[in-house]
Chemist: 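Below is one structure. I have some questions about it.
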Amino acid sequence: MKKIKIIGIVIVALAVIIQFIPAQLPETSTNNPNDLLANNEIPDSIASLFINGCYDCHSNQTVYPWYSNIQPTAWLVVRDTKLGREQLNFSDWESFPIKKKLKILNETAAVIEEKEMPFPPYMLIHKKARFSAEERKRMIKWTERFGEELFN
């Protein structure tokens, strides 16, 4: 019993100590002149899907939740946001050549259709990121139409 108590105290102490190890959250910005949503006429229903399901990890407009200040979850938020922005940052959309935009749209449709995105662990806490089957269909159709419009 004494051993279990010591282990419990050590775990609590470690949990407190790691709170003092800061996580460098990636910077956010609402001033994104090359942003996808800021520069294109996108239906509100599609824009809200992007904001709720994509923009926290794939834009400079990340909205950090309360748990992003608590370790060890803060480290996961930092990692996921950095990786998401490295793979695709919708805040840089207008700087991409058309070929890259088409590739992004095709990949976006594919990961939405395969339910790889929004990222399943993200959806556990973010209910608005849980796309219904109908929302997935609308998003996929939109990516196809938008890709065709890039040539007009």
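All heavy atoms count here, side chains included; hydrogens, waters and symmetry mates do not.
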Chemist: Check whether any side-chain heavy atom of Lys141 sits under 4.5 Å from a side-chain heavy atom of Arg145, and report yes or no.
Modeler: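 Side chain of Lys141 against side chain of Arg145, heavy atoms only: contact under 4.5 Å found.
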Chemist: Give, for atom NZ of Lys128 and atom CG of Leu49, the distance between the pair rounded to the nearest 0.5 Å.
Modeler: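 Result: 12.0 Å between the selected atoms.
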Chemist: Flag the pair Arg138 / Ile46 as yes when at least one side-chain heavy-atom distance between them is below 4.5 Å, and no otherwise.
Modeler: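 Side chain of Arg138 against side chain of Ile46, heavy atoms only: contact under 4.5 Å found.
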Chemist: Side chains of Leu36 and Ile42: closer than 4.5 Å at any heavy-atom pair?
Modeler: yes
Chemist: Is Tyr64 linked to Trp66 within one hydrophobic cluster, defined over Ile, Leu, Val, Met, Phe, Trp and Tyr using a side-chain heavy-atom separation of less than 4.5 Å?
Modeler: yes
Chemist: Is the ring pair Trp93/Phe90 parallel, tilted or perpendicular, if the boundaries are 30 and 60 degrees?
Modeler: tilted
Chemist: Looking at Glu135 and Ser132, would you say the former's side chain and the latter's main chain have a donor-acceptor pair under 3.5 Å?
Modeler: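 Here the side-chain-to-backbone pair exists.
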Chemist: What I want to check is whether the side chains of Asn40 and Glu94 have a donor and an acceptor closer together than 3.5 Å.
Modeler: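 Yes - a donor-acceptor pair under 3.5 Å links their side chains.
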Chemist: Are Val77 and Ile51 connected in the hydrophobic side-chain network, where two residues link if heavy atoms are under 4.5 Å apart?
Modeler: no
Chemist: Look only at the side chain of Arg136 and the backbone of Glu113, and say whether a donor-acceptor pair between them is shorter than 3.5 Å.
Modeler: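 Not a single qualifying donor-acceptor pair exists.
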Chemist: Take Phe119 and Met117 through the side-chain contact (heavy atoms from CB on, under 4.5 Å) test and state the conclusion after the steps.
Modeler: CA-CA 4 Å; Phe119 193 46; Met117 288 287 159; 4.3 Å; yes
Chemist: Are side-chain N/O atoms of Tyr122 and Asp80 paired as donor and acceptor at under 3.5 Å?
Modeler: no
Chemist: Do Thr143 side-chain atoms and Ile140 backbone N/O form a donor-acceptor pair below 3.5 Å?
Modeler: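 Confirmed, Thr143 side chain pairs with Ile140 backbone.
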Chemist: What's the separation between atom NZ in Lys103 and atom CG in Leu105, rounded to the nearest 0.5 Å?
Modeler: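 Taking NZ in Lys103 and CG in Leu105, the distance rounds to 12.5 Å.
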Chemist: Scan side-chain atoms only and decide if Asp35 and Tyr55 contain a donor-acceptor pair under the 3.5 Å cut-off.
Modeler: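 Yes.
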Chemist: If you measure from CD on Glu148 to CG on Leu102, what distance do you get to the nearest 0.5 Å?
Modeler: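 Separation between the atoms: 10.0 Å.
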Chemist: Under the 3.5 angstrom rule, does the side chain of Arg130 hit a backbone N or O of Leu124 as a donor-acceptor pair?
Modeler: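 Yes.
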Chemist: Transitively linked via ILVMFWY side-chain contacts under 4.5 Å: Leu150 with Trp142?
Modeler: yes
Chemist: Ignoring hydrogens, what is the shortest heavy-atom contact between Pro65 and His126? Give both atom names and the distance.
Modeler: CG-NE2, 4.3 Å
Chemist: Can you tell me if Asn89 uses its side chain to pair, donor with acceptor, with the backbone of Glu86 under 3.5 Å?
Modeler: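 Checked: no pair found.
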Chemist: Quick check: are there more than 12 heavy atoms from other residues, nucleotides or ligands sitting under 6.0 Å from CD of Glu27?
Modeler: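 Check fails, neighbour count at 12 or below.
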Chemist: Just verifying a value: how many Å separate Thr28 OG1 and Asn32 CG, rounded to the nearest 0.5 Å?
Modeler: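 One finds 9.0 Å between OG1 of Thr28 and CG of Asn32.
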Chemist: If you group Ile, Leu, Val, Met, Phe, Trp and Tyr by side-chain heavy-atom gaps below 4.5 Å, do Ile112 and Met123 land in one group?
Modeler: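 Different hydrophobic clusters.
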Chemist: Heavy atoms only: give me the nearest Gln61-Ser29 pair and the separation to one decimal.
Modeler: CG-O, 3.2 Å
Chemist: Is any side-chain heavy atom of Phe131 closer than 4.5 Å to a side-chain heavy atom of Pro118?
Modeler: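 Yes - at least one pair of side-chain heavy atoms lies under 4.5 Å apart.
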Chemist: Working to the nearest 0.5 Å, report the span between CG of Leu76 and OH of Tyr67.
Modeler: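 Reported value, rounded in 0.5 Å steps: 9.5 Å.
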Chemist: Looking at CG of Leu88 and OG1 of Thr108, how far apart are the two atoms once the value is rounded to the nearest 0.5 Å?
Modeler: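 Atom-to-atom, Leu88:CG and Thr108:OG1 are 6.0 Å apart.
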Chemist: Going through the checks in order, is the side-chain hydrogen bond (donor to acceptor under 3.5 Å, both in side chains) test met by Thr62 and Arg85?
Modeler: CA-CA 10 Å; Thr62 305; Arg85 287 181 184 178; 2.9 Å; yes
Chemist: Salt bridge check, Glu107 against Lys100: does any charged N sit closer than 4.0 Å to a carboxylate O?
Modeler: no
Chemist: I'd like to know if Val63 and Leu25 are part of one continuous hydrophobic network [Ile/Leu/Val/Met/Phe/Trp/Tyr, side-chain heavy atoms within less than 4.5 Å].
Modeler: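 Each belongs to a different hydrophobic cluster.
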Chemist: Do Asn39 and Asn34 have a side chain donor and acceptor closer than 3.5 Å?
Modeler: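 Note: Asn39 and Asn34 side chains miss the donor-acceptor criterion.
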Chemist: Looking at Met139 and Cys54, what are the two nearest heavy atoms and their distance?
Modeler: CE-SG, 4.4 Å
